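Below: one structure, written as structure tokens.
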Amino acid sequence: MTVPDDPSRRALLLKLGLLFSGFVSMLLGVPIAGYLLSPVLRGRKAAYGSWVALGAVTRFPPGETRLATYRHPSLNAWDGETARTACWVRRVDDDTFKVFAVNCAHLGCPVRWFAQSGLFLCPCHGGAYYADGSRASGPPQRGLFEYAYQVDRGTLMIRAGEMPTPGSTADASRERPPCA
Amino acid sequence: MRVITAIGAWLDARLQLAATLRDTMEHPVPRESASWAYVFGSAALTAFGLQVATGILLAFLYVPSAGDAWNSLQNLNQHVALGWFVRALHGWGSNFMIAIVLVHMVQVFLFGAYKFPRELTWVIGVLLLLVTLAMAFTGQVLRFDQDAYWGLGIGASIASRVPVAGPWLVELMLGGPIIAGATLSRFFALHVFAIPGLLIAFVAVHVLLVLKLGVNEWPMPGRLVRRATYLREYQEIIHRDGVPFVPNAVWKDAIFSGVILLAIGGCALVFGPFGPSGPPDPTIIQTAPRPDYFFLWLYGLLSLLPPSAETPILLIGPAIGIAALLALPFVAGEGEKSWTRRPLAVLAVVLIAVTLGALTRLGGAAPWSPAMNAWSGAAIPVLYLHGRTALERQGAAVFQNKQCRNCHALGGVGGQRGPALDEVAVSLTRGQLIRQVIQGGGNMPAYGRNLSPAETTALVAFLRTLHPTGQAPASDGARREGE
């Protein structure tokens, strides 16, 4: 006499099987999710927020606004020219600077300085800023992003950090040196 | 011939696909639906096929590295035999694909083809539209030129406005703190593996649903869709007046697909590839980034939304739009199919088309952006200097030097950000002009800190000359009496 197939036993085994492979998949999923979230999870590299030299302060005459460029500190060999970054340096007087991101506070397009009219103008949606970085007109909701700076033995240094966006402004807005 | 038949029989004994294929080819479609109005779905599939083929060809030579991508595109354009043509086919194929998908969608909407039982076909279609647009955006990034670079900046700026998670989303999108090597690598993976995988899966389900549920019948005014009776009625239609898909319907698909391929090839040949524009070097700031054609409407919208409402509209608007599209077949799954009895549907299509068209046009012209070189490049019309006093001419020089021209046109040349000033003296008095120049207002910055009193006097003297001959400049009556 043969024992008939017990359907409930088969169903239980199937459930167990699915549960088991589901559990193993989830175990594997954790490191995979960690890999995907790595830009957020790995924390800031040491170089990420380090000070970058923009050049000797003598390059920036008082009362004028000049474009300065630097290589971003957290670069990889294959970043090419994207590792280059620009910022606008305004030397207010001998000891005081303002270092603005080129990224418009509206949507990040590169603003241009027009010395004659004393305005920064954005080519994308027409944002305009005064020489001190404050909003003049157009869609931006705030002034230009500013970097924290310091002068170290005659060299102007800034804290490069991340690309400033409306949701994540450059370091300076949170941490401004006392001289600024 | 006998050998071929034998091989066919041998293969089919194992694959057992011949019967299914024959059924698929011969499946009946309503006679009137074997129409030129029903060719857009297959044309979209043809365009996608071309994108896959040309995409693979480009991947043979494209270097997905931030340091080399731009150079590899230059190499494709200039040194690889017909590299420019394959790039052009891929670029124009992308534009045609989006256009055909949109036309297909409009046709399906107006013919009520999304109604019961084809709701899921529509939902998958909406997902296909989204992944097609995602392909277009990620493809634009792979062109890794200035437009791509700053386009990523715009994308990151939008993502950063998501409450709380914004900064994380930016880092996830860029793969790091700035747009760099990691950014291009992840967009390459998305454009070449992840999104096409989704696209192929969605297309498979979409086509399967079309075959399973049958091609939509030609909508007849007054013939209403009811869940209880539709399936039986449809069976009656194809039983009474059905024709086999092959060849009755498919020959039109084949010809239209050929026309589309010819058009893409023609555009590629005549207009050539898109870009790349300047290298993705963020220190080159003399650039006016513009997105590709199908995102110009969004670019325009971003300038025209009231600033305070911009973030909520940007973040909530797309969700509402997509939700509305997805909900459509469930809200309006029954009833009238014919567009002749659905005036609201026709009105909605016209309204959306006109809105997107107008925004696209504005996005291309970008009248809100200053004409960056007008102050040095466009001379003041001689007519406006003829017979003027020294002070007024001095004012004209101030007008140019202070870059007023970047935003204000004279003689039809200059920026359009502010009003043209050819007749400004008619509408503004001397006092109003001085106040406007010094304090700004409206959408104009204040120039008080940047103009000396002498410059302001000269500038306003010049502006006061800008009125049609025979029409007196505006004056403050009360003040004149007092003077």
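Being a predicted model, the structure only gives us computed values, none of them experimental. Below, chains carry the letters A, B, ... as their sequence lines are ordered, and counting in each starts from 1.
A/Pro140 places none of its side-chain heavy atoms less than 4.5 Å from the side chain of B/Pro307. Between A/Tyr130 and B/Asn450, the closest side-chain pair of non-hydrogen atoms is not below 4.5 Å. Between A/Cys104 and B/Ser157, every side-chain heavy-atom pair lies at or beyond the 4.5 Å cut-off. Under the 4.5 Å side-chain criterion, counting only non-hydrogen atoms from C-beta, A/His72 is in contact with B/Pro177. Counting only heavy atoms from C-beta outward, the side chains of B/Leu172 and A/Val40 approach each other to under 4.5 Å. Counting heavy atoms from C-beta outward, B/Ile178 and A/Thr82 have side chains that stay 4.5 Å or more apart. Side-chain contact between B/Pro289 and A/Pro123: present, with at least one pair of heavy atoms (C-beta onward) separated by less than 4.5 Å. Taking the side chain as every heavy atom from C-beta outward, B/Arg417 and A/Ser137 approach each other to under 4.5 Å.
Using cut-offs of 30° and 60° on the angle between ring planes, the pair B/Trp368 and A/His125 is parallel.
Within the 3.5 Å criterion, the main-chain N or O of B/Ser160 finds no donor-acceptor partner in the side chain of A/Thr165. Here the side chain of A/Asp79 pairs no donor or acceptor atom with the backbone of B/Ala180 at under 3.5 angstrom. Checking side-chain atoms of B/Thr283 against main-chain N and O of A/Thr69 turns up no donor-acceptor pair under 3.5 Å.
Looking at B/Asp68, there are no atoms closer than 4.5 Å to chain A (heavy atoms on both sides), in backbone or side chain. For A/Leu37, the parts lying near chain B are the backbone and the side chain together; criterion is any non-hydrogen pair under 4.5 Å. Heavy atoms closer than 4.5 Å to chain A are found in both the backbone and the side chain of B/Ser308. For A/Trp113, no part lies near chain B; criterion is any non-hydrogen pair under 4.5 Å. In this structure, chain A has heavy atoms under 4.5 Å from both the backbone and the side chain of B/Asn443. Using a 4.5 Å cut-off between heavy atoms, B/Glu310 touches chain A through its side chain atoms alone. Neither the backbone nor the side chain of B/Leu152 comes within less than 4.5 Å of any heavy atom in chain A. Both the backbone and the side chain of B/Tyr299 come within contact range of chain A, with heavy atoms under 4.5 Å apart. There is no contact between B/Ala69 and chain A, counting heavy-atom distances below 4.5 Å.
Considering only heavy-atom pairs separated by less than 4.5 Å from chain A, the leading option among B/Leu305, B/Leu302, B/Asn401 is B/Leu302. No other option in B/Pro282, B/Gly153, B/Pro367, B/Gly166 has as many heavy-atom pairs under 4.5 Å with chain A as B/Pro282. Note on A/Cys109, A/Ala136, A/Ser117: by heavy-atom pairs under 4.5 Å with chain B, the leading option is A/Ser117. Interface summary for chain B: among A/Gly108, A/Ala86, A/Cys124, the most heavy-atom pairs under 4.5 angstrom belong to A/Cys124. Contact count versus chain B (heavy atoms, under 4.5 Å) is highest, among A/Pro139, A/Pro110, A/Gly126, for A/Pro110. Highest contact tally toward chain A, considering only B/Ser65, B/Gly363, B/Pro306, B/Gly175, is held by B/Gly175 [criterion: heavy-atom pairs under 4.5 Å].
When all heavy atoms of B/Arg161 and A/Pro166 are compared, the pair lying nearest together is NE-CG, 3.9 Å.
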* To do: Go through the steps to decide whether B/Ile179 and A/Met163 satisfy the test side chain to side chain contact (heavy atoms under 4.5 Å, CB included), and finish with yes or no.
  => CA-CA 8 Å; B/Ile179 300 166; A/Met163 183 178 77; 3.8 Å; yes

* Take A/Trp78 and B/Leu184, measure what side chain to side chain contact (heavy atoms under 4.5 Å, CB included) needs, and give me the verdict at the end. => CA-CA 10 Å; A/Trp78 55 90; B/Leu184 181 62; over 6 Å; no

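With values rounded to the nearest 0.5 angstrom, B/Gln403 atom CD is found 4.5 Å from A/Gln116 atom CD. Atoms CG and SG, on A/Leu121 and B/Cys407 in that order, are 6.0 Å from each other to the nearest 0.5 Å. Taking CD of B/Glu171 as the reference point, atom CG of A/Leu41 lies at 10.5 Å (rounded to 0.5 Å). Going from atom CG of B/Leu174 over to atom CD of A/Glu162 covers 10.0 Å, rounded to the nearest 0.5 Å. Distance CE/B/Met372 to CZ/A/Phe114: 5.0 Å, rounded to 0.5 Å. Here the CZ-OG1 distance, from A/Arg112 to B/Thr287, works out to 7.5 Å after rounding to the nearest 0.5 Å.
The 12-atom threshold is not exceeded at OH of B/Tyr293, counting heavy atoms of other residues, nucleotides or ligands nearer than 6.0 Å.
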